[in-house]
A.B. asks: 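Take this structure first; my questions come after.
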Amino acid sequence: MKVFVTGGAGYIGSHTLVALLAAGHEVCVYDNFDNSSPVALARVRQLTNRDMAVVEADVRDNDALTRALTDFAPDAVVHFAGLKAVGESNDIPLRYYQTNVTGTMNLLAAMDAARCKRIVFSSSATVYGEAQYLPFDEEHPIAPTNPYGRTKAMAESVIGDWASATPDASAVLLRYFNPVGAHESGRIGEDPQDIPNNLMPFVAQVAVGRRAKLSIFGDDYDTRDGTGERDYIHVVDLAAAHLAALEYSARAVGCEAINVGTGQGITVKELVAAYEAACGQPIAVEIAPRRPGDVASSYAATTKAERLLNWCAALDVDDMCANSWLWQSENPMGFEGD
Ligand code: NAD
Ligand code: UDP
């Protein structure tokens with residue numbers, strides 16, 4: 001199958017490329033390298049011993065996108081390209097709407113021009129907002145609490161309307177919970193450009209000596225040990241979910257939102273303990289005030305993914321930490337070292 005992958009050089013995209021190429025698919029990556037490095041693609045080629053087409057361009061560039069899609073004529077699209085930092089989305093909301101919403105609209109129009117009717121979209125559990133109940137199932141109300149989440153909810157609506165209006169179209173909205181970890185080779189992984197916003201990359205940078213200590217944002221939540229609880233999902237499991245979603249999109253029409261998580265909550269303290277075991281050294285921590293906007297707990301109902309995609313997570317928190325540590329310790333400065 002021919003798969004057009006926007007944002008393929010990024011963290012989740014690069015791991016999904018490995019899975020796609022290993023399964024024998026033909027791939028075209030479309031990425032402007034806004035938050036990624038061509039080195040990631042070189043490493044994907046090394047890991048898989050396969051090549052791929054690469055177009056360096058922006059999803060906001062309608063003409064370039066239409067040209068790339070009509071030239072490649074894919075069977076399906078996986079749409080990762082986007083901006084993803086919640087805090088930044090408060091500061092530069094228009095850039096988030098242009099990239100995440102207008103970029104998605106451009107992509108769908110270009111797919112129409114290329115007669116491509118299948119899309120798998122990177123959505124996020126953040127579209128649910130405050131939990132009215134747990135675990136989050138796909139019927140939970142959509143009420144995002146920040147601009148980033150609203151761009152994802154809007155893009156979901158746009159894709160749903162496009163799928164309704166396009167005969168035989170198939171769209172899968174994958175709502176990721178907390179993607180972490182790295183490929184087991186340690187050759188590709190998450191490479192934040194600035195101070196990491198997310199827990200696991202921050203812990204990894206403390207472990208490797210790039211940062212002095214982790215601030216734990218609150219230990220007075222209503223959870224087992226008072227620290228925030230999240231559903232961490234190994235990025236290699238997440239990559240496999242994309243292949244399962246592509247297969248599903250070949251046999252289904254319409255638009256489905258599907259959670260991608262393990263169904264299990266892990267607290268900040270539990271994740272730090274697992275990372276200490278993986279790296280064999282203590283992680284310095286301090287208890288800091290709660291981070292504004294954080295919720296106590298978030299974890300997924302996973303039955304829809306099992307039922308529709310025949311997919312469930314296979315890797316656990318020890319795998320996530322061990323693989324993250326291998327990547328971080330062998331690439332302390334990320335892809336910049338190359
Ligand atoms: P990432 O930043 O590593 O990857 C995104 C890729 O898109 C990068 O290669 C970047 O260069 C590219 N890109 C950004 N703006 C672009 C533009 N205007 N035109 C073309 N390419 C552009 O992020 P990721 O963690 O791999 O996330 C991939 C997708 O999954 C994003 O849409 C993100 O919102 C979504 N998501 C991520 C998480 C997470 O925690 N990582 C959670 C839920 C959803
Ligand atoms: N967290 C923390 N210190 C950090 C980053 C995150 O204590 O430096 C906590 C955060 O409060 C939350 C959990 O770790 O309880 C996961 O945060 P992350 O930003 O990775 O994911 P999200 O909150 O977006 O689900």
Side-chain angles (χ1 to χ4, degrees), residues 5-16 29-38 40-41 55-61 64-65 68 78-87 89 95-96 98-100 102-104 106-107 121-127 146 148-149 151-152 155 173-180 188-193 195-203 205-206 211 213-219 221 223 226-233 235 238-239 242 260-261 265-272 285-299:
V5 184
T6 73
Y11 171 48
I12 303 168
S14 56
H15 289 81
T16 304
V29 171
Y30 187 97
D31 200 306
N32 68 352
F33 299 108
D34 178 78
N35 193 39
S36 56
S37 163
L41 298 179
V55 177
E56 182 173 351
D58 197 305
V59 290
R60 292 168 297 177
D61 183 342
L65 196 48
V78 185
H79 182 30
F80 293 108
L83 303 177
K84 63 168 182 176
V86 170
S89 77
R95 191 143 172 253
Y96 272 68
Q98 278 156 357
T99 306
N100 295 1
T102 309
T104 300
N106 291 344
L107 179 63
F121 173 63
S122 296
S123 189
S124 168
T126 196
V127 298
N146 53 67
Y148 166 68
T151 67
K152 288 291 174 187
L173 314 171
L174 292 180
R175 292 182 181 151
Y176 312 157
F177 277 68
N178 290 62
V180 295
I188 54 172
E190 189 169 11
D191 182 18
Q193 309 292 303
I195 300 171
N197 296 304
N198 296 113
L199 178 62
M200 173 116 31
F202 202 105
V203 171
Q205 290 194 5
V206 174
R211 310 212 173 262
K213 61 180 174 230
L214 170 75
S215 297
I216 296 182
F217 297 143
D219 66 349
Y221 284 107
T223 60
T227 64
E229 184 184 32
R230 296 290 183 276
D231 186 340
Y232 298 96
I233 171 83
V235 67
L238 182 53
H242 288 81
V260 187
I266 305 272
T267 68
V268 176
K269 284 186 175 170
E270 288 167 349
L271 189 129
V272 169
V285 301
E286 65 174 4
I287 303 300
R290 291 183 179 194
R291 185 170 63 178
D294 271 0
V295 297
S297 292
S298 167
Y299 48 93

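In listed order, ligands and their atoms are each counted from 1.
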A.B. asks: Among P38, G82, A64, S14, which one has a heavy atom closest to atom 14 (C) of ligand 1?
C.D. replies: G82

A.B. asks: Indicate the ring-plane relationship of H242 and Y176, choosing parallel, tilted or perpendicular according to the 30° and 60° boundaries.
C.D. replies: perpendicular

A.B. asks: Enumerate the atoms of ligand 1 whose separation from the nearest heavy atom of A81 is less than 4.0 angstrom.
C.D. replies: 7 (O), 21 (N), 22 (C)

A.B. asks: What atoms of ligand 1 come closer than 4.0 angstrom to any heavy atom of F33?
C.D. replies: 11 (O)

A.B. asks: Using side-chain heavy atoms (C-beta onward) and a distance below 4.5 Å, is V272 in contact with L214?
C.D. replies: yes

A.B. asks: Can you sort out which atoms of ligand 2 are near N198, meaning under 4.0 Å from one of its heavy atoms?
C.D. replies: 18 (P), 19 (O), 20 (O), 21 (O)

A.B. asks: Just let me know how A125 lines up against ligand 1, side chain, backbone, both or neither, with a heavy-atom cut-off below 4.0 Å.
C.D. replies: neither

A.B. asks: Can you check whether F217 has an N/O within less than 3.5 Å of an N/O in ligand 2?
C.D. replies: yes

A.B. asks: Please confirm whether R290 makes a cation-pi placement over Y221, using NZ or CZ under 6.0 Å from the six-membered ring centre and within 45° of the ring normal.
C.D. replies: yes

A.B. asks: Is ligand 2 less than 4.0 angstrom away from at least one heavy atom of Y148?
C.D. replies: no

A.B. asks: For I216, counting its heavy atoms only, list the atoms of ligand 2 lying under 4.0 Å from any of them.
C.D. replies: 7 (O)

A.B. asks: Side chain, backbone, both or neither: which part of V268 comes within less than 4.0 Å of ligand 2 when only heavy atoms are counted?
C.D. replies: side chain

A.B. asks: Mark up the atoms of ligand 2 that fall under 4.0 Å of a heavy atom belonging to N197, in ascending order.
C.D. replies: 5 (C), 19 (O)

A.B. asks: Considering heavy atoms of the protein only, find what lies nearest to atom 27 (O) of ligand 1 and give residue, atom and distance to 0.1 Å.
C.D. replies: I12 CD1, 3.7 Å

A.B. asks: Which residue and non-hydrogen atom of the protein lie closest to atom 20 (O) of ligand 2, and at what distance in Å?
C.D. replies: L199 N, 2.9 Å

A.B. asks: So how far is it from S297 OG to D231 CG, rounded to the nearest 0.5 Å?
C.D. replies: 11.0 Å

A.B. asks: Does even one non-hydrogen atom of E190 get within less than 4.0 Å of ligand 1?
C.D. replies: no

A.B. asks: Please report whether ligand 1 has a polar contact with S123, defined as an N or O pair separated by less than 3.5 Å (distance criterion only).
C.D. replies: no

A.B. asks: What is the closest protein heavy atom to atom 3 (O) of ligand 1, and at what distance does it sit?
C.D. replies: Y11 N, 2.8 Å

A.B. asks: Just to be sure I read this right, does ligand 1 sit under 4.0 Å from the backbone of V59, its side chain, both, or neither, counting only heavy atoms?
C.D. replies: both

A.B. asks: Within a strict 4.5 Å, meaning less than it, do heavy atoms of the N146 and T126 side chains meet?
C.D. replies: yes

A.B. asks: Under 3.5 Å between any N/O of D294 and any N/O of ligand 2: does that happen in this structure?
C.D. replies: yes

A.B. asks: In this structure, which one of L107, V5, L65 forms a side chain to side chain contact (heavy atoms under 4.5 Å, CB included) with Y30?
C.D. replies: L65

A.B. asks: With nothing but distance in play, are any N or O atoms of P179 less than 3.5 Å from an N or O of ligand 1?
C.D. replies: no

A.B. asks: Side chain or backbone, does S124 bring an N or O within less than 3.5 Å of an N or O on ligand 1?
C.D. replies: no

A.B. asks: Just need the protein heavy atom nearest to atom 22 (C) of ligand 1, so name the residue and atom and give the distance.
C.D. replies: N32 OD1, 3.0 Å

A.B. asks: Quick one: CZ on F177 to OG on S124, what's the gap to the nearest 0.5 Å?
C.D. replies: 8.0 Å

A.B. asks: I need the L199 CG to R291 CZ distance, nearest 0.5 Å.
C.D. replies: 8.5 Å

A.B. asks: Please identify which atoms of ligand 1 are closer than 4.0 Å to at least one heavy atom of K152.
C.D. replies: 31 (C), 32 (O), 33 (C), 34 (O)

A.B. asks: Would you mind running through ligand 2 and noting each atom that sits below 4.0 Å from a heavy atom of N178?
C.D. replies: 21 (O), 22 (P), 25 (O)

A.B. asks: Report the member of V29, D31, V5 with the shortest heavy-atom distance to atom 11 (O) of ligand 1.
C.D. replies: D31

A.B. asks: From D58 CG over to R60 CZ, what is the distance, rounded to the nearest 0.5 angstrom?
C.D. replies: 4.0 Å

A.B. asks: Please check whether F177 reaches ligand 1 - meaning an N/O of the residue sits under 3.5 Å from an N/O of the ligand, judged on distance alone.
C.D. replies: no

A.B. asks: With a cut-off of 4.0 Å, which atoms of ligand 1 are near a heavy atom of T99?
C.D. replies: 15 (N), 18 (N)

A.B. asks: Ignoring hydrogens, just give me the one of E286, R290, K213, R291 whose non-hydrogen atom is nearest atom 17 (O) of ligand 2.
C.D. replies: R291

A.B. asks: Would you mind running through ligand 2 and noting each atom that sits below 4.0 Å from a heavy atom of Y232?
C.D. replies: 13 (C), 16 (C)

A.B. asks: Below 3.5 angstrom, do we get any N/O pair linking N198 and ligand 1?
C.D. replies: no

A.B. asks: Can a non-hydrogen atom of S215 be found less than 4.0 Å from any atom of ligand 2?
C.D. replies: yes

A.B. asks: With atoms numbered from 1 as shown, which atoms in ligand 1 lie under 4.0 angstrom from a non-hydrogen atom of A9?
C.D. replies: 9 (O)

A.B. asks: Any atoms of ligand 2 less than 4.0 Å from a non-hydrogen atom of L214? List them with their elements.
C.D. replies: 3 (N), 4 (C), 8 (O)

